[in-house]
Amino acid sequence: MAMLKRLQANPNHAAKLGFLLKTGLLLALCLVASAPLLAQSSAVTPERIAAIEKATAAAQSNADNAWMLTSAALVLLMSGPGLALFYGGLVRKKNILGTMMQTFAMMAVITVLWAIVGYSLAFGDGMAFIGGLHNAFLQGVGLAPDPAYAATIPAQTYMVYQLMFAIITPALITGAFAERVKFSALLVFMILWALLVYSPMAHMVWGKGGLLNAALGGRFPCLDFAGGTVVHVTSGVSALVTAIYLGKRVGYPKLPMPPHSVVLSFIGACLLWFGWFGFNAGSALASGSLATSAFVATHFAAAAAAIGWGAAEWVRNGKPSALGAISGAVAGLVAITPASGFVTPINALWIGLIAGVFCFFMVVKVKAIFGYDDSLDAFGVHGAGGTLGAILTGIFANSAINPILGAGKATGLLEGNGRQVLNQFIGVGIAWIVSIVGTLAILFIVDNLIGLRVSEDDEREGLDLTQHGEEGYDWDAA
Amino acid sequence: MAMLKRLQANPNHAAKLGFLLKTGLLLALCLVASAPLLAQSSAVTPERIAAIEKATAAAQSNADNAWMLTSAALVLLMSGPGLALFYGGLVRKKNILGTMMQTFAMMAVITVLWAIVGYSLAFGDGMAFIGGLHNAFLQGVGLAPDPAYAATIPAQTYMVYQLMFAIITPALITGAFAERVKFSALLVFMILWALLVYSPMAHMVWGKGGLLNAALGGRFPCLDFAGGTVVHVTSGVSALVTAIYLGKRVGYPKLPMPPHSVVLSFIGACLLWFGWFGFNAGSALASGSLATSAFVATHFAAAAAAIGWGAAEWVRNGKPSALGAISGAVAGLVAITPASGFVTPINALWIGLIAGVFCFFMVVKVKAIFGYDDSLDAFGVHGAGGTLGAILTGIFANSAINPILGAGKATGLLEGNGRQVLNQFIGVGIAWIVSIVGTLAILFIVDNLIGLRVSEDDEREGLDLTQHGEEGYDWDAA
Amino acid sequence: MAMLKRLQANPNHAAKLGFLLKTGLLLALCLVASAPLLAQSSAVTPERIAAIEKATAAAQSNADNAWMLTSAALVLLMSGPGLALFYGGLVRKKNILGTMMQTFAMMAVITVLWAIVGYSLAFGDGMAFIGGLHNAFLQGVGLAPDPAYAATIPAQTYMVYQLMFAIITPALITGAFAERVKFSALLVFMILWALLVYSPMAHMVWGKGGLLNAALGGRFPCLDFAGGTVVHVTSGVSALVTAIYLGKRVGYPKLPMPPHSVVLSFIGACLLWFGWFGFNAGSALASGSLATSAFVATHFAAAAAAIGWGAAEWVRNGKPSALGAISGAVAGLVAITPASGFVTPINALWIGLIAGVFCFFMVVKVKAIFGYDDSLDAFGVHGAGGTLGAILTGIFANSAINPILGAGKATGLLEGNGRQVLNQFIGVGIAWIVSIVGTLAILFIVDNLIGLRVSEDDEREGLDLTQHGEEGYDWDAA
Amino acid sequence: MQKIEAVIQPSKLDAVKDALVEAGISGITIFEARGHGRQKGHTEFYRGREYAVDLLPKVKLELVVTDDLAEKAIQAIITAARTGRIGDGKIFVSKIDEAIRIRNDERGEIAL
Amino acid sequence: MQKIEAVIQPSKLDAVKDALVEAGISGITIFEARGHGRQKGHTEFYRGREYAVDLLPKVKLELVVTDDLAEKAIQAIITAARTGRIGDGKIFVSKIDEAIRIRNDERGEIAL
Amino acid sequence: MQKIEAVIQPSKLDAVKDALVEAGISGITIFEARGHGRQKGHTEFYRGREYAVDLLPKVKLELVVTDDLAEKAIQAIITAARTGRIGDGKIFVSKIDEAIRIRNDERGEIAL
Ligand SMILES: Nc1ncnc2c1ncn2[C@@H]1O[C@H](COP(=O)(O)OP(=O)(O)O)[C@@H](O)[C@H]1O
Ligand SMILES: Nc1ncnc2c1ncn2[C@@H]1O[C@H](COP(=O)(O)OP(=O)(O)O)[C@@H](O)[C@H]1O
Ligand SMILES: Nc1ncnc2c1ncn2[C@@H]1O[C@H](COP(=O)(O)OP(=O)(O)O)[C@@H](O)[C@H]1O
């Protein structure tokens, strides 16, 4: 740590020096003549200007990279400990470690998978539906920017930032697996899911030539700023399919299964909110004003949604709960995800408010009606909230915030572009279909290969002991 | 996420391209003549220079914005989960969620209020005492910088950063409400307080034309870098008034009411320390050397104050406690808040040390003497520490760190500017008066409108069950 | 907070304005003549170019500083609450606060020590083995950069960033002290250790003229990007010495001493992972592509090591544990610390995988064989992992990532530079020797001066009550 | 009056409670407990250290009933708590000499 | 020797303990418990799921006293624990045959 | 059948359990408890407020044994739990009228 790094970090400095030295004499001769008033050391030469341009580009790059590295770290924080705690608090004490491990395993396993083939399938050149294998083992993913994705930051920054999304998405599904799945089966399921559902969806929406890519010439340009369809619809819908396929937990719904620690969930939710700034504002891929816009929208939607859910509870139960408020905030964050970077602050408030009430309704009413055991409401919050958010994006998207379809061109329905809502429906529809089909196939395979559920005895004893041989808490040791 | 955003984020790139294209031919003709040695593509033209200047400004802006978005997120983290945990750990188990909800509600409610009218009242054009309504619903608060406040970052970054301060300030007061206030009453109280106490104080100290604004020509220039008076004095003094008005908790002080989890408080305190870097160093509104100076002062004061409080305990009780050490650190962070950005690292150590011992004395001795039940010591730490810090700022402020009163002009008492101490007293005095009068009035209104305290039975049962219908922990579910 | 800060933060703006004003007329005259096509306001003058160069440097500095302040905060977060929770969860309930206090005390005490003399001894001018006293009380450590260390950020940023390393290093040792050391003895031990072991090692590896400094002309250039030897080998080896010197905890190993909360350890480990991005990527001292490279390597190694440890457990115990997975991740983070910034992403995976399996083996097998009570495995993870990582750095270091030994020159063994492995052994060997000798001497002194261990009765009652007069949890208060 | 102490599996608590209420017995006090018996425990691993855990989570119910209700209570518990596997638990019966309702100082069977 | 078991409201623990100490009884063992009885519980909501909680937090005291101190102890408990509302709790009295002090093997009343 | 209730120091639980198992007694139920007695407590400080804690952590064992095993059990407990210091705890013995194994309705000594 020291000068060595400095030199590496700023090759431009060296370059600048080089230019100046190499051309010093020449410049002296050439410029003194044309500008006799200027001292030699401050002569204006094309080389000097080129050096400045390089330095400016370096400064811009470092500025954006500072934010993107921070954002990547924040998105990882959303998984662990954020989501792990949010989910972990909601299960019974005997499953706390098993639940947190399901998320933590994604941090480990998806990372390696991403390096081997995941990134390449999602973001490598390929077809409209999926990328290719050119970037397998991260070949060709270096430190120079990939201008197709982000012109001012190293390609590896983009790669690792996207990796954090690929981690949290399957982790979200575990909410439906909770308290009853074999750890080994979960790992196999998730690896297949990452390859068969996530990578294709990510490619379609964000990859070069992707079917739904609004920026890189997709056939059905679908607006998804930070992953409404790619992250939340896919994970939420897959969670629903999984919950139905797996069946209910032993004893559900007769046996009371209250959260063992709303306190942990509270911490988790706050960390999710905090990390979501990296998720959404980081999706600007630079630290300019678009990042600010997404940041503000994110925060506003979370706040309004917490109020929406809380108010709905207040009306229905006579009191608002802490769990309700944090669930609402998460629902708002989900719904604003595709819209952040496209909407005004005030419209972000509306999106949040609607999402808070809507997800409350989905979790409290709809789940009860259909009776599936989506244990931690991965579908009710992420599937429902993500779908709603994607549609609302088509309504509220505003060209003044982001002229994505061309400067001055109407973007969302409120601006008069009704077609966009249709495109949003197409995007969401494809996400639903890919998720349902892919998840069903994978569940079927894994169930027949390994078996998805633990035995009833093991379920009663808890995942911590049976899957991991440990317990979350020991209050009694002397 | 992709090229679309890149283009939006860097309109300058597009602009630069535009310039070069439009003027390409002209330049070729004009410059080839005057600089035959240079290749056409590297000609030095005013347009090229202007483009560079724009690019440089963009880089500067993105650099500062990267830090300010990070800082805004950090300040939110201070509220939730930071403060929520710090306070939540200190109450009895039955009130943990109620306590955390009091902070979380601020994250939601104050945000919406800020969008509607709060920001406008605090930072909009207005009088010496309060802003106006021109920026209601954030009209006119766009993505271009507002040079009066921060020339290099989008106005919305400034707005959302300030919002995080507006959230944590009322949340701090809840320490005095703890374990006995109705949730509905709290909400109404806080909304009124934000409008009648916070917005005016923020305007006076930081707003354009504010009475105490040292940078924008206030009548009594009062130094408050990051909110010693605006945040800590107002919240702390209001907490004192509230604690006295509400009266003691049932059983206090006979009934033992030890913290139910110093562990949670410890986590909270560490997150406060961490987030405070955004609070203080972020108050430089840029990531330059002033931010560094504030960062260092912040860290040093926290460390010294932890030692101060811990040593005081060691002398008095025979042992230093973890709760004491973290309380001390928070006291130091409070006291350095107005001073960070004005003082040297070594003087920051002194400020911290003094604050640690002083707040220990306030919390342990003074509270016992007067007998009010400031449950979580919001006054003893924030009120007392904030007042102390504001005065010490007047003593230690150094023009070498920040020539706020003009380059080379003496700033603090130690430099010979005794007047500044007087100004600090004026600032603090006004904050005390506004807080006392405003809080009393609001308490009176809300108490008569809704009633502030829960029933004695509800207080015994705890806020979690009675106000929110849930419990913080369930260790027993099968 | 407002214009005042803006002006301070960007003196360059003012300067730029100044230049333009002062030279306005002159330029008008001079340039209009030579470029009649250009408007006066956009004339290209050397002054304007110089102003741009200044502005560009300022932007670069603010960009890097944004990242470095973020990184410094992240490294502090690693200590508190990160490490405090990681360790705190592993001890029995009765020692939770005592354990967390041991880390928190470092945050306070080492900070003050650093300001007084620590920084100067580590990074001040001096000999090959230790710095001098020129920078005592931070004299001469201002806001201008110190180009020897980091040319684009304020020297105080570098100072405070390094401080965070000086805090966590002794805190790591406390893992071997756990559950049995007097708090007063710990403080004295750590102060001496910081002076006699940490500062010399930091100076040798990173200080100007340090014996092992690869960037600033050390005699045995040893590669240590972010502190493999300086942080992990010293703390880990000192922990081993301490554990052996102190002897076993009462009842060890017969009495079961399971972690009282793997949940807390899980949170801690995730925060360590998160903060480690600041630790390693921050060690680039700028936010350029080297930071990205270190960031990616860090993340990849953590993931692979979690898999390595987990797989080893799966094979040996029949199931992977959450504690194993997080321990593995930490082991990977330790091992990649010296190597990050030198290796490719794929090689980072290998380093992580090897480290995960190796540290598992050290903690599970080797500790059992030798029978010392390294309570929280500070040696098994940090000592062993750090040593391994330092050697692997010599093997995998790649000049394409970081031409530290000169552009195009082979760096690691795989590139053909076998000598580097030797140098790594020398570096590690010196770290072992300094740690063993220094720690033994200090233990001896403190033991005779104050006594290191608490009484057997106190050990049974727990550190929380006996050392700090408080308890971590109170579930029973009415 | 008889005191019935039943050590049962935690997962059966709700069923047992409901069965007792159905049997007309509503006064119950419940304790978390750990039990050692024939049921074998499990092994936990923490960084390679192996812990044989032979104390298993149990719940104990205490109910004081009039003599005539005792057998009914016992039957209710047995039926609801039985899974047929080792570890289902035990019921112990003993005599209680006096019962007092704190609220109003009622004594004897009326206080139950 | 008599064994007095008192189930009381958690908030009354301190008062009861003090009253007993004042009555000359210092040997007490205390347990956290949950109680079911006439006192009605409350409802909790978690994401719309409604939980009727009919097990309420209670504290149980156990004290073994000499026969002559029994009534005094009972009175102390009743007085200190009573709020007059449903849920105040119960006291049960039974016989103890032997008491032993582990420290020195003292047996009988002297061991209390 | 006898019911043996032993209040001991938490740190002695493992030793006592092992001693009982060695003595041939494997059915034990264990409770976390807090105890008040001669052993003096300690003082805790929270932000200057002083709390005199006079309820100390204890563990209570309950075991029902046949009459002939009772003394053996008592001896095992005493030996394993004794440190010789105040606070070692107490053993109380009382009669149990019936024991039932929930699993198979076995009653009496065979159910232990
Ligand atoms: N003699 C006893 N005294 C007290 N508690 C007992 C006794 N025997 C068993 N128990 C309790 O009953 C539980 C179940 O006993 P166990 O022998 O495991 O199975 P089962 O009841 O099916 O024979 C034990 O865990 C313990 O808590
Ligand atoms: N028959 C009983 N056996 C054991 N515990 C009882 C019995 N009746 C009541 N309790 C305990 O006493 C508590 C208070 O009883 P409850 O009927 O609610 O009010 P009250 O004592 O005022 O009549 C219950 O929660 C329960 O713990
Ligand atoms: N009379 C009693 N009834 C119930 N529990 C008792 C009685 N006396 C003591 N205990 C329990 O035994 C524990 C130890 O008693 P104590 O008087 O402190 O020491 P010792 O047993 O050495 O005399 C107490 O903390 C309490 O839990």
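Given the structure is predicted, the values throughout are model-derived calculations rather than measurements. Letters go in sequence order (proteins before strands), and every chain restarts at 1. Note: hydrogens, waters and symmetry copies are ignored here, and every other heavy atom, side chains too, is used.
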Counting heavy-atom pairs under 4.5 Å with chain B, which one of [options] comes out on top?
options: A407(A), A329(A), A325(A); answer: A325(A)
options: T292(A), L349(A), N317(A); answer: T292(A)
options: A63(A), A322(A), A269(A); answer: A322(A)
options: P258(A), G328(A), S265(A); answer: P258(A)

For [X], is it the side chain, the backbone, both or neither that has a heavy atom under 4.5 Å from a heavy atom of chain B?
X: L323(A); value: both
X: W276(A); value: neither
X: A302(A); value: neither
X: P320(A); value: both
X: T70(A); value: side chain
X: F295(A); value: side chain
X: L353(A); value: neither

Would you say W350(A) has more than 12 foreign heavy atoms packed within less than 6.0 Å of its CH2?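 Counting other residues, nucleotides and ligands, CH2 of W350(A) stays at 12 neighbours or fewer.
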
Specify which of [options] makes the most heavy-atom pairs with chain A at under 4.5 Å.
options: L69(B), T157(B), V112(B); value: L69(B)
options: T56(B), L76(B), L264(B); value: L76(B)
options: M159(B), M101(B), E471(B); value: M101(B)

Give the intermediate values and the outcome of side-chain contact (heavy atoms from CB on, under 4.5 Å) for residues L77(B) and W273(A). CA-CA 9 Å; L77(B) 187 79; W273(A) 189 332; over 6 Å; no

So does D474(B) get a backbone contact from the side chain of H260(A), meaning a donor-acceptor N/O pair under 3.5 Å?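 Such a contact is absent between H260(A) side chain and D474(B) backbone.
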
Distance-only, no hydrogens or angles: does the N62(B) side chain make a donor-acceptor pair with backbone N or O of Q60(A) under 3.5 Å?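 Checked: no pair found.
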
Run K319(A) and F183(B) through side-chain contact (heavy atoms from CB on, under 4.5 Å) and show every step you take. CA-CA 9 Å; K319(A) 38 184 85 147; F183(B) 185 63; over 6 Å; no

Is the shortest side-chain heavy-atom distance between T103(B) and F266(A) below 4.5 Å?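 Heavy-atom side-chain distance check fails, nothing below 4.5 Å.
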
Run the numbers on V262(A) and M100(B) for side-chain contact (heavy atoms from CB on, under 4.5 Å), then give the verdict. CA-CA 11 Å; V262(A) 178; M100(B) 299 205 308; over 6 Å; no

